[in-house]
Amino acid sequence: MGHRKAHRLSVSGGDALLTLITWLKFNAVGIVGAGVQLAALWIFARVLGIQYVAATMLSVEVAVLHNFVWHEVWTWSGAPREGRWRRLARFHVANGFVSIASTALFTWLFRQGVGLPLLAANLGAIGVTAILNFVLAATWVFSRELDSR
């Protein structure tokens, strides 16, 4: 079995730098994933003529799969092959469902509760969601303890 360079969320002692590096890798993958999603959306909707809602759903799936692969091989490198399908299922829940739900909720809260303009509210929601996704990925999706079960 491989050894993970970062397998839990910890900010104490020597783990703080490792957690920061993992956080930066996580966000780099997410930024590239957003580009992948936009490119896939354009291909599905404009080139293949798929209706835009279906094309959006397909492009999100492409981005989720892209991000998972890069997290497996780079962000949390050295993950054992065992448990990969379980991690993929967790990743879909964590980064798929949680992203949609939390972005919608926090955009509404920042817009209605704080009174931010829509795009600023959405940007704030993306920031909160990125933190939630990282915590879920570090503690649930790519947790070495969960893989050993």
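Being a predicted model, the structure only gives us computed values, none of them experimental.
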Mind listing the closest non-hydrogen atom pair of Ala130 and Trp23 along with its distance?
-> O-CZ3, 3.7 Å
Could you state the interatomic distance from CD1 (Ile31) to CG (Asn27), rounded to the nearest 0.5 Å?
-> 6.0 Å
Scanning both residues in full, the closest heavy-atom pair of Ala63 with Val36 reads CA-CG1, 4.4 Å
Which residue pairs satisfy the side-chain hydrogen bond (donor to acceptor under 3.5 Å, both in side chains) criterion with at least one member in residues 108-126, sequence neighbours excluded?
-> Thr107-Asn122
Quickly, which of Phe134, Trp76, Trp74, Phe26 forms a ring-ring contact (aromatic ring centres under 6.0 Å, His included) with Phe142? Name it, please.
-> Trp76
Between Ser77 and Val73, which heavy-atom pair has the shortest distance, and what is it?
-> CB-O, 3.5 Å
CZ/Arg87 to NE2/His71 distance, rounded to the nearest 0.5 angstrom?
-> 12.5 Å
Hydrophobic cluster identity match, Val128 and Val135, side-chain contacts under 4.5 Å | no
Qualifying residues under side-chain hydrogen bond (donor to acceptor under 3.5 Å, both in side chains), relative to Ser102, sequence neighbours excluded = Thr129
Take Val62 and Met57, measure what side chain to side chain contact (heavy atoms under 4.5 Å, CB included) needs, and give me the verdict at the end.
-> CA-CA 9 Å; Val62 169; Met57 292 172 20; over 6 Å; no
Arg46 side chain to Leu41 backbone, donor-acceptor under 3.5 Å = no
Connected via hydrophobic side-chain network under 4.5 Å: Trp140 and Phe68 | yes
Carefully, step by step, assess Val114 and Leu109 under the rule side chain to side chain contact (heavy atoms under 4.5 Å, CB included).
-> CA-CA 7 Å; Val114 180; Leu109 286 173; over 6 Å; no
Measure the CZ-CG distance between Phe110 and Leu116 for me, rounded to the nearest 0.5 Å.
-> 7.5 Å
To the nearest 0.5 angstrom, please state how far the CD1 atom of Ile100 sits from the CG atom of Asn95.
-> 10.5 Å
By the rule that ILVMFWY residues connect when side-chain heavy atoms come within less than 4.5 angstrom, directly or transitively, which residues belong alongside Val98?
-> Phe97, Leu136
Give a yes or no on whether Leu48 atom CG has more than 12 heavy-atom contacts from other residues, nucleotides or ligands under 6.0 Å away.
-> yes
Taking every heavy atom of Arg90 against every heavy atom of Val141, the minimum-distance pair comes out as NH1-O, 3.1 Å
Rounded to the nearest 0.5 Å, what's the gap from CZ on Phe91 to CZ on Arg84? Could you check?
-> 13.5 Å
With hydrophobic residues grouped by side-chain heavy-atom distances under 4.5 Å, do Leu88 and Val69 end up in a single group?
-> no
Has the side chain of Thr19 got a donor or acceptor atom that lies under 3.5 Å from a matching backbone atom of Asp15?
-> yes
Is the count of non-hydrogen atoms from other residues, nucleotides or ligands lying under 6.0 Å from Trp70 atom CH2 greater than 12?
-> no
Mind listing the closest non-hydrogen atom pair of Val60 and Gln37 along with its distance?
-> CG2-NE2, 3.5 Å
OG1 of Thr75 to CD1 of Ile21, rounded to nearest 0.5 Å, is 12.0 Å
